[in-house]
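Working notes, structure below.
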Amino acid sequence: MLVVIKKDYEEVSREAARMVAGAVRSKSRIVLGLATGSTPLGLYKELIALHRAGDLDFSRATSFNLDEYLGLSASHPQSYHFFMKQNFFSHVNFPPDNIHIPDGTISHDYDAYCERYEQSIKAAGGIDLQILGIGRNGHVGFNEPTSSLASRTRLKALSRETVEDNRHSFANESEMPKCAITMGIGTILDSRRVLLLASGRSKAAAVARAIEGPITSSVSASALQMHPDVTFIIDEDAAYSLTQRDYYRHVLEMTHIFTPERLS
Ligand code: PGA
């Protein structure tokens with residue numbers, strides 16, 4: 001794993017955008033795995049700026065979002081469909097037909113729907129580059145603690161901590177969805193490359209457990225230790241509890257010299 005520690009959130013966003021833009025430029029038909037939440041907002045802003053400057057073309061790209069709340073339609077302001085449109089898709093030239101986000105309005109045959117989502121990822125050639133945030137409880141997507149490390153896209157009950165972290169966006173707690181449809185950890189591990197972004201002291205414990213802790217379903221992000229091409233891009237606050245920072249810096253220096261393509 002590569003651990004890139006940046007000064008603050010702005011630098012994390014710029015570095016992530018540089019890597020995503022590099023990947024899109026080197027493969028125009030790229031399949032991106034996209035995330036929502038406050039963390040990737042800066043990345044999306046940077047990508048939009050690059051697109052507006054004429055430096056980034058998404059016209060042949062495809063995307064699959066990680067998750068969506070169950071029970072929210074695409075027009076609901078707290079839905080992840082709405083989030084993606086507002087914060088990214090309406091500002092860039094992504095072909096609408098190539099955008100995939102789990103449908104939060106399904107009300108039956110959940111397993112069959114989720115299997116179709118998995119099949120459409122496969123049909124697109126698999127995810128080339130997956131963007132992730134991380135929850136305070138170590139979740140990626142909505143793979144809450146104790147999610148199977150082999151899980152695929154499915155319906156998932158949200159944990160108490162996730163409800164607490166996200167309910168501020170809803171008028172009251174009763175409106176906060178209790179479940180979501182999320183790609184599984186197995187789905188995420190199948191992607192060719194993963195970028196996990198984290199910022200702030202509230203993420204420090206989860207980041208340390210993901211990178212330096214044992215692989216455990218109690219911290220879904222720890223499963224990334226089994227992936228061959230993961231880069232954590234985190235700020236100083238999120239790196240606070242890591243014990244091997246000097247080594248990560250050394251690894252990065254060597255990577256720049258010997259395998260710079262891993263950082264491009
Ligand atoms: P955040 O959420 O980016 O809003 O902190 C991350 C997550 O829960 O995966």
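These values consider heavy atoms only, across backbone and side chains, with no hydrogens, waters or symmetry-generated copies. Atoms within a ligand are numbered from 1 in the order they appear, just like the ligands themselves.
Side chains of Asn143 and Arg154: a donor-acceptor N/O pair is present below 3.5 angstrom, by distance only.
The protein heavy atom nearest to atom 3 (O) of ligand 1 is Thr39 OG1, 2.5 Å. Protein heavy atom in closest approach to atom 8 (O) of ligand 1: His139 NE2, 2.6 Å. The closest protein non-hydrogen atom to atom 6 (C) of ligand 1 is Ile134 O, 3.5 Å. Among all non-hydrogen protein atoms, the one lying nearest atom 2 (O) of ligand 1 is Lys203 NZ, 4.2 Å.
Ion pair Arg160/Glu164 flagged as a salt bridge, since at least one NZ, NE, NH1 or NH2 atom sits closer than 4.0 Å to an Asp/Glu carboxylate oxygen. Checked for salt-bridge contact, Asp229 and Arg192 miss the test: no charged N lies under 4.0 Å from a carboxylate O.
Proximity to Gly37 (heavy-atom distance under 4.0 Å) selects the following atoms of ligand 1: 3 (O), 4 (O). For ligand 1, the atoms sitting less than 4.0 Å from at least one non-hydrogen atom of Gly135 are 7 (C), 8 (O), 9 (O), numbered in the order shown with element in parentheses. Within ligand 1, counting atoms from 1 as listed, the ones closer than 4.0 Å to a heavy atom of Ser38 are 1 (P), 3 (O), 4 (O), 5 (O).
Judged by distance alone, the side chain of Ser90 and the main-chain N or O of Lys85 form a donor-acceptor pair under 3.5 Å. Checking side-chain atoms of Asp8 against main-chain N and O of Glu11 turns up a donor-acceptor pair under 3.5 Å.
Surrounding CZ of Phe170 are more than 12 heavy atoms belonging to other residues, nucleotides or ligands, all under 6.0 Å away.
The shortest N or O to N or O distance between Thr36 and ligand 1 is not below 3.5 Å.
The side-chain hydrogen bond (donor to acceptor under 3.5 Å, both in side chains) with Asp190 is formed by just one residue from the set Gln130, His227, Arg152; it is Arg152.
Contact annotation: for Leu132 versus ligand 1, there are no heavy atoms closer than 4.0 Å.
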